[in-house]
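For reference, the structure discussed in these notes is given below.
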Protein chains: 2
Amino acid sequence: MKRRGPRANGGEAREAILQAAREQFATHGYAATTLRAIARAAGVDAALPSYYFGSKNALFVATLQLPVTPGEIIDGLLADGLDGAGERLVRRLLAVWDDPERGAPLIAVLRSAPSHGEAMREFVEREILARFAAAIDAPDATLRAGAVVSQVLGLVTARYVLHIEPLASASHDELAALLGPTLQRYLTG
Amino acid sequence: MKRRGPRANGGEAREAILQAAREQFATHGYAATTLRAIARAAGVDAALPSYYFGSKNALFVATLQLPVTPGEIIDGLLADGLDGAGERLVRRLLAVWDDPERGAPLIAVLRSAPSHGEAMREFVEREILARFAAAIDAPDATLRAGAVVSQVLGLVTARYVLHIEPLASASHDELAALLGPTLQRYLTG
DNA sequence: GTCTATATATGGATAGAC
DNA sequence: GTCTATCCATATATAGAC
């Protein structure tokens, strides 16, 4: 028996939808997430996601608006120099992705790679890989930056998308000790 | 104007469907691939994929039947000892994945990770990670095996799914030189 | 063995009542 | 601002004609 009219708690259906969408996209990816499922999880009518955001894709984009972009994080990291950057990168990365608030949108993007592959390729090349390449001082800087991206991408995919053990529940210290030197070698080795 | 009856070339609709399905699944992933698209690519009627394989999922499984399983490849690799295994692993890996015949099913699985995540997790842990862990002689063998998996997973995802440059078109020599030592350190470092 | 026709289901989106 | 009802497109799967 459903009520009609504004919700009891201030009528914040829009915010509830956005929050639920973040979780659903992060858990199931873009294609497998339905607007109806989002509405159900948000406790609102099935027509409201479309009403507020226009389309499924627009809602998806809306969930990706982050307080800090990945590019800015990398800039901040590289600003401290390449000394010990390998371990710092691993720790910084895990801190962001393990935080539900900041991590969920990133996981959602990664899970949606099949349906948004082209957009993701461009983003990674322009916003991530290019920054590392610019910071690396070597003839094969671009390829080395690619190596960094591959190791980072593999870590987050295994830990946050596929939940492969023991990677999924390893501590930040363990991963920093094991993967830090690898990234350091790609950056300066 | 469509014909009726058996195809001119020996009526091998089943094989044509299987071949087309391999390509479609590898290119678009499981969810985004439709039976109709497979039938169209195979040049057969839209009802035949269901007729021959029963369901979309059964057809997907049928495309994954490989001449050699990843587990056997790893066994063969590790049988030669851990000496220089890092570089050998990279080269062996690229040889298989770059081969259209053997690589397409693997790419299809990787692309379909979102819709078959649980199955993939189990497979990787049991068939891939466990084998490396058994071969590594160290207290943290399992975590080290996880590191190997993460680097390999990142490489194939970047190169074959997202097509991130310069990883997508780097030569086997370049990648072996750059990533080989990383895997070697995880295995024996 | 192949094709037509269709049952069935699902999801995105919208018009209009309340 | 919220909800009902529905349109429309698409997709899997199957029954039965040829």
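The chains referred to below are lettered A, B, ... by the order of the sequence lines, with proteins before strands, and numbering in each begins at 1. What you are looking at is a predicted structure, and each value in this text was computed from that prediction instead of being measured.
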Rounded to the nearest 0.5 angstrom, the CD-CZ distance for B:E174 and A:R144 is 12.0 Å

In terms of hydrophobic clustering (I, L, V, M, F, W, Y; side-chain heavy atoms under 4.5 Å; direct or indirect links), are B:V61 and B:L48 co-clustered? no

Quick test: give all pairs of protein nitrogen or oxygen and nucleotides 13-15 of chain C nitrogen or oxygen below 3.5 Å, distance rounded to 0.1 Å.
from, atom 1, to, atom 2, distance (Å)
C:dA13, OP2, A:K56, N, 2.8

Between atom CG in A:D45 and atom P in C:dG12, what is the gap in whole Å? 14 Å

Tell me: CZ of B:R40 to C1' of D:dT10, nearest whole Å? 12 Å

Pairing residues for A:Q151 by the side-chain hydrogen bond (donor to acceptor under 3.5 Å, both in side chains) criterion, not counting sequence neighbours: B:S150, B:Y186

Could you tell me if the side chain of B:L110 sits less than 4.5 Å from the side chain of B:W97, heavy atoms only? yes

Roughly how many Å is it from CG in B:L59 to C1' in D:dA11, rounded to a whole number? 15 Å

Rounding to an integer number of Å, can you tell me how far B:Q24 CD sits from D:dA11 P? 12 Å

B:E12 CD to C:dG1 C1', straight-line distance once rounded to whole Å: 13 Å

For the atom pair CG (A:L93) and CD1 (A:I73), what is the distance rounded to the nearest 0.5 Å? 8.5 Å

To the nearest angstrom, the OH-C1' distance between B:Y30 and D:dA11 comes to 11 Å

Set of side-chain contact (heavy atoms from CB on, under 4.5 Å) partners for B:E87, sequence neighbours left out: B:R91, B:A176

